[in-house]
Asker: 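Can you read through this structure? Questions will come right after.
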Amino acid sequence: MPSTRKILHFLSSALLCAAGVGILGYGISTDWVQSTLACAPAGTEEYNGSAIVQMTLFNSTAKKMQCPGFNSEEVVKVFDKLGQEDVGAAVLQGLVVGFLALALLGSAGSILITLFNTFSNPYENYLGPVGLFVCSGLSATLAFLALVLYLINVYWIKIAMKIANDQAKVNLKENGVQLLVGFYLLLPYIGLNLFAILLVYLYVHAAYTRRREQEKPTEDAPKDIMMF
């Protein structure tokens with residue numbers, strides 16, 4: 001039977017990884033950003049119209065008011081619209097989704113590894129701590145890369161303006177961007193993965209220290225005594 005310390009550390013790590021999967025799964029399904037746009041007829045600077053674009057990773061809702069071609073509310077498929085307007089933005093959006101899917105896969109691997117090692121005997125470690133370090137570390141890294149790429153898409157490429165563009169002859173200007181809960185849930189997900197790594201590392205470090213202490217009397221014993 002594994003020790004109580006081993007059970008507590010590995011089981012707690014598995015629970016943290018499972019919580020991370022739940023958080024990221026919800027984050028992927030909910031809204032990530034809301035952008036407020038101003039619009040004016042082509043050739044003028046009279047920005048008296050407005051549009052509010054709210055996006056998940058896959059769909060967006062655009063409420064358009066008081067501007068030529070903008071008096072409507074519609075649901076837009078993000079990948080379809082970006083594919084028409086800017087292939088580069090669509091590729092970045094695809095990378096964000098792909099990285100998050102791989103992060104979830106890595107978290108699933110972490111859960112399986114930690115659960116196995118929770119109930120295995122002390123001398124049997126399938127992939128062991130290294131497996132958790134790799135899977136959870138990869139998940140946290142991929143989630144961070146997704147976060148950075150999404151910020152580039154929102155603030156540099158300005159995907160909200162491309163989503164709102166309906167080929168009407170208008171000028172668009174972005175007045176403000178608000179990141180929403182789906183985006184911010186990446187932060188606790190990354191934190192949970194790092195904390196899961198820390199828990200198992202503390203167990204490994206304590207086990208290594210205890211083993212060194214047990215070997216120390218033999219190392220310090222006089223050579224003539226050790227011969228007998």
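Atoms considered below: every heavy atom in the structure, side chains included; atoms not considered: hydrogens, waters and symmetry mates.
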Asker: To the nearest 0.5 Å, what is the distance between OG1 on T141 and CG on L102?
Answerer: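 Rounded to the nearest 0.5 Å, the OG1-CG separation comes out at 12.0 Å.
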Asker: For a 4.5 angstrom cut-off between non-hydrogen side-chain atoms, does D31 reach V181?
Answerer: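 Of all side-chain heavy-atom pairs linking V181 with D31, none is under 4.5 Å.
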Asker: For I111 and A14, which heavy atoms make the closest approach, and how far apart are they?
Answerer: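 What the structure gives for the nearest pair is CG1-O, 4.1 Å.
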Asker: Dump the intermediate steps for side chain to side chain contact (heavy atoms under 4.5 Å, CB included) on Y150 and L186, then the final yes or no.
Answerer: CA-CA 11 Å; Y150 195 77; L186 289 182; over 6 Å; no
Asker: Can you see whether S107 engages Y189 through a side-chain donor-acceptor pair at a distance of less than 3.5 angstrom?
Answerer: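 A donor-acceptor contact under 3.5 Å links the two side chains.
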Asker: Donor-acceptor check, side chain of S136 to backbone of S110, threshold 3.5 angstrom: yes or no?
Answerer: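 Side chain of S136 to backbone of S110, a donor-acceptor pair under 3.5 Å: no, none is there.
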Asker: Verify the neighbour count for atom CZ of F79: are there more than 12 heavy atoms of other residues, nucleotides or ligands below 6.0 Å?
Answerer: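 Yes - once you tally the heavy atoms of other residues, nucleotides and ligands closer than 6.0 Å, there are more than 12.
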Asker: Do the non-hydrogen side-chain atoms of L82 and I163 ever get within less than 4.5 Å of each other?
Answerer: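 The answer is yes; the side chains approach within 4.5 Å.
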Asker: Using side-chain heavy atoms (C-beta onward) and a distance below 4.5 Å, is Q178 in contact with L180?
Answerer: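 Side-chain contact under 4.5 Å: yes.
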Asker: Rounded to the nearest 0.5 Å, what's the gap from OG1 on T114 to NE2 on H9? Could you check?
Answerer: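 If we round to the nearest 0.5 Å, T114:OG1 and H9:NE2 are 13.5 Å apart.
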Asker: So L179 and Y155, do their side chains get closer than 4.5 Å, heavy atoms only?
Answerer: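 Heavy-atom side-chain distance check passes, below 4.5 Å.
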Asker: Would you indicate whether the side-chain heavy atoms of L57 and V78 approach each other to under 4.5 Å?
Answerer: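 They are not in contact (no side-chain heavy atoms under 4.5 Å apart), so the answer is no.
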Asker: In terms of relative ring orientation, are F10 and Y203 parallel, tilted or perpendicular, with 30° and 60° separating the classes?
Answerer: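 Answer is perpendicular, since the angle exceeds 60°.
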Asker: Within a reach of under 6.0 Å around OH of Y26, are more than 12 heavy atoms found that belong to other residues, nucleotides or ligands?
Answerer: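 12 or below, so no.
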Asker: Which atom pair, heavy atoms only, marks the closest approach of A146 to V96?
Answerer: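 Smallest heavy-atom distance, with atoms named: O-CG2, 3.7 Å.
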Asker: Would you call the rings of W32 and F183 parallel, tilted or perpendicular, where under 30° means parallel and over 60° means perpendicular?
Answerer: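 Because their plane-to-plane angle is over 60°, the rings of W32 and F183 count as perpendicular.
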Asker: Could you give the distance from CG (N117) to OG (S13), rounded to the nearest 0.5 Å?
Answerer: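 N117 CG to S13 OG: 10.0 Å, rounded to 0.5 Å.
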Asker: Are any non-hydrogen side-chain atoms of T56 and T30 less than 4.5 angstrom apart?
Answerer: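 A side-chain contact under 4.5 Å is absent here.
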Asker: Measure the CD1-OG distance between I159 and S35 for me, rounded to the nearest 0.5 Å.
Answerer: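 So the CD1 of I159 and the OG of S35 are separated by 9.0 Å.
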Asker: Rounded to the nearest 0.5 Å, how far apart are CG of L92 and CD1 of I152?
Answerer: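 Taking CG in L92 and CD1 in I152, the distance rounds to 6.5 Å.
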Asker: Please find the pair of heavy atoms, one from I190 and one from A143, that lie closest to each other, and give the distance.
Answerer: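 Shortest heavy-atom separation between I190 and A143 comes out as CG1-CB, 3.7 Å.
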Asker: M161, W156: one ILVMFWY side-chain cluster at the under-4.5 Å cut-off?
Answerer: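 Cluster IDs for M161 and W156 match.
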Asker: Considering all heavy atoms of both residues, which atom of I113 and which atom of C135 are nearest to each other, and what is their separation?
Answerer: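 Smallest interatomic distance, heavy atoms only, reads CD1-SG, 4.0 Å.
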Asker: Are F99 and F58 in one and the same hydrophobic cluster, where Ile, Leu, Val, Met, Phe, Trp and Tyr link if side-chain heavy atoms are under 4.5 Å apart?
Answerer: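 Result: yes, single cluster for both.
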Asker: May I ask you to check whether over 12 heavy atoms, not counting those of F133, lie within 6.0 Å of atom CZ?
Answerer: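 Check passes, neighbour count above 12.
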Asker: Are the side chains of V76 and D80 in touch, meaning some heavy atoms are under 4.5 Å apart?
Answerer: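 Of all side-chain heavy-atom pairs linking D80 with V76, none is under 4.5 Å.
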Asker: Keeping T118 on the side-chain end and L11 on the backbone end, is there a donor-acceptor pair under 3.5 Å?
Answerer: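 It does hold such a pair.
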Asker: Would you say V33 and I52 are hydrophobically clustered, going by side-chain heavy atoms of ILVMFWY under 4.5 Å?
Answerer: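 No, separate clusters.
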Asker: Quick one: pull up NZ in K63 and OG1 in T61 and give me the separation to the nearest 0.5 Å.
Answerer: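 Going from NZ on K63 over to OG1 on T61, the span is 7.5 Å.
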Asker: Working note: L104 + V21, criterion side chain to side chain contact (heavy atoms under 4.5 Å, CB included); need CA distance, chi angles, decisive distance, verdict.
Answerer: CA-CA 6 Å; L104 285 175; V21 169; 4.2 Å; yes
Asker: For K158 and E174, work out which heavy atoms get closest and say how close.
Answerer: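 Smallest interatomic distance, heavy atoms only, reads NZ-OE1, 3.4 Å.
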Asker: Say whether F116 and L112 are linked into one hydrophobic cluster, either directly or through other cluster members, by side-chain heavy-atom distances under 4.5 angstrom.
Answerer: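 Unlinked, F116 and L112 end up in two clusters.
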Asker: Please examine the side chains of L187 and L147, heavy atoms only from C-beta on, and report whether any two atoms are closer than 4.5 Å.
Answerer: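 L147 reaches L187 side chain to side chain.
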Asker: Give the minimum heavy-atom separation between A164 and V53, together with the two atoms involved.
Answerer: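 Minimum heavy-atom separation between A164 and V53: CB-CG2, 3.9 Å.
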